[in-house]
Amino acid sequence: PEFRLYELNGTLTGTRPAEGISYPRPNTAQVVGDAIYYVAGPGAMVGQVVRRVTADGILDLEFTRTQEPGLTFAISGDGAHIAWAHTSYAGGPPFSQLWAAAIDGSGATLVAQTDTQDAIDEFFVLEPVEWLDDGDLVYAWQVTGIGGYILFFGWSSLYRYDVDTASTTAMVGVAP
């Protein structure tokens, strides 16, 4: 597998390796500047990692590596920050965590995680959606399992995380 880079007129300008990419969907592949980011790895029991590919080479962002399937991420528009989420499905309802850090992994902060004491249903998991221009992060609690969201992608909720104050505001909360 490879990425093919084209001019707007359709002229092929180059290729980049895409080893380990499987099923790109929202928040598993993103282009920022001249870098292509994607989730690499076959998933369960082998692990997944966010990979960065540029003309200079390939770099696995090791701090994102997880043995669980379902790794998702969002890179800020300036390429300086990353948010990533991973979920464990072992032994019952899923357990999900959302992290944010500088693109080199420094300053990693746990933004949110599954809490059995909150009002959010056990089968919702965390996914980063996007970084805003002001540096805040938008994320979602996304329903899991077999359902229409697989065929018709959308978000179950949207939350805004203010990086400066480490506070979260519901934009569209999870419906009870």
Side-chain angles (χ1 to χ4, degrees), residues 3 21 23-41 48-54 59-66 68-89 93-145 147-150 152-176:
F3 295 104
I21 198 168
Y23 176 64
R25 63 177 185 81
N27 298 95
T28 65
Q30 184 179 347
V31 176
V32 178
D34 67 347
I36 301 169
Y37 295 86
Y38 68 96
V39 172
Q48 293 182 321
V49 67
V50 175
R51 182 168 288 163
R52 179 179 189 253
V53 180
T54 65
L59 174 66
D60 286 350
L61 305 182
E62 287 297 333
F63 58 92
T64 66
R65 187 173 295 280
T66 178
E68 303 296 335
L71 176 63
T72 58
F73 70 91
I75 307 292
S76 62
D78 63 3
H81 295 93
I82 181 173
W84 71 100
H86 54 85
T87 301
S88 171
Y89 294 90
F95 177 79
S96 190
Q97 291 185 324
L98 173 67
W99 294 84
I103 198 66
D104 64 1
S106 63
T109 302
L110 180 62
V111 173
Q113 68 180 359
T114 302
D115 180 355
T116 58
Q117 302 303 310
D118 67 17
I120 298 172
D121 183 65
E122 301 285 322
F123 290 92
F124 280 74
V125 298
L126 289 157
E127 287 200 26
V129 175
E130 71 176 332
W131 289 90
L132 302 176
D133 291 339
D134 66 3
D136 287 353
L137 173 66
V138 175
Y139 69 90
W141 282 99
Q142 189 70 355
V143 68
T144 62
Y149 66 93
I150 292 173
F152 308 103
F153 188 81
W155 299 107
S156 300
S157 64
L158 294 172
Y159 292 84
R160 183 179 189 142
Y161 177 73
D162 184 315
V163 174
D164 294 331
T165 65
S167 62
T168 298
T169 305
M171 299 166 72
V172 178
V174 173

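Atoms considered below: every heavy atom in the structure, side chains included; atoms not considered: hydrogens, waters and symmetry mates.
- To the nearest 0.5 Å, atoms CG (Leu98) and CD (Glu127) are separated by 10.0 Å.
- Residues Val138 and Leu132 meet the side-chain proximity criterion, which asks for heavy atoms closer than 4.5 Å.
- How far CH2 of Trp84 is from CD1 of Ile75: 10.0 Å, rounded to the nearest 0.5 Å.
- Considering every non-hydrogen atom in both Ala74 and Val129, the closest pair reads CB-O, 4.0 Å.
- Summarising the geometry of Leu137 relative to Val111, their closest heavy-atom pair is CD2-CG2, 4.5 Å, with the distance given to 0.1 Å.
- To the nearest 0.5 Å, atom CZ of residue Arg25 and atom OG1 of residue Thr72 are 6.5 Å apart.
- Proximity of Asp78 to Trp131: side-chain heavy atoms (C-beta onward) are nowhere separated by under 4.5 Å.
- The OG1 atom of Thr169 sits 11.5 Å away from the OH atom of Tyr161 when rounded to the nearest 0.5 Å.
- Every residue meeting the side chain to side chain donor-acceptor pair (under 3.5 Å) condition with Asp134, not counting sequence neighbours, appears here in chain and number order: Arg160.
- For Gly77 against Val32, the heavy-atom pair with the smallest separation is O-CG1, 3.5 Å.
- Atom CD1 of Ile103 and atom OG of Ser76 lie 7.0 Å apart (nearest 0.5 Å).
- Not a single salt bridge (charged side-chain N to carboxylate O under 4.0 Å, His left out) links Asp104 to another residue, sequence neighbours left out.
- Judged as a side chain to side chain donor-acceptor pair (under 3.5 Å), and not counting sequence neighbours, Thr28 has no contacts.
- A search for side-chain contact (heavy atoms from CB on, under 4.5 Å) contacts involving Ser156 returns Phe124, Gln142, Val143, not counting sequence neighbours.
- Among residues two or more places apart in sequence or in another chain, the ring-ring contact (aromatic ring centres under 6.0 Å, His included) test is passed with Tyr37 by none.
- Side chain of Asn27 to backbone of Pro128: a donor-acceptor contact under 3.5 angstrom is found.
- Partners of Phe3 according to the ring-ring contact (aromatic ring centres under 6.0 Å, His included) rule, which considers only residues two or more places apart in sequence or in another chain, are Tyr38.
- Closest heavy-atom contact between Thr165 and Ser167: OG1-OG, 2.6 Å.
- Nearest heavy-atom pair across Pro24 and Ile21 is CG-CD1, 3.8 Å.
- For Thr114, the side-chain contact (heavy atoms from CB on, under 4.5 Å) partners two or more places apart in sequence, or in a different chain, are Phe95, Ser96, Trp141.
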Can you check side-chain contact (heavy atoms from CB on, under 4.5 Å) on Phe73 and Thr64, steps first, answer last? CA-CA 9 Å; Phe73 70 91; Thr64 66; over 6 Å; no

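- Listed by chain and number, the residues in a side-chain contact (heavy atoms from CB on, under 4.5 Å) with Asp34 are Thr54 (sequence neighbours excluded).
- Evaluation of the side-chain contact (heavy atoms from CB on, under 4.5 Å) rule for Asp164 yields Asp162 as partners, not counting sequence neighbours.
- Taking CD1 of Ile36 as the start and CD of Gln30 as the end, the distance is 11.5 Å to the nearest 0.5 Å.
- Scanning for side chain to side chain donor-acceptor pair (under 3.5 Å) contacts around Gln97 gives Trp99, Gln113, with sequence neighbours left out.
- Taking the salt bridge (charged side-chain N to carboxylate O under 4.0 Å, His left out) definition, one finds that Arg52 meets it with nothing, sequence neighbours left out.
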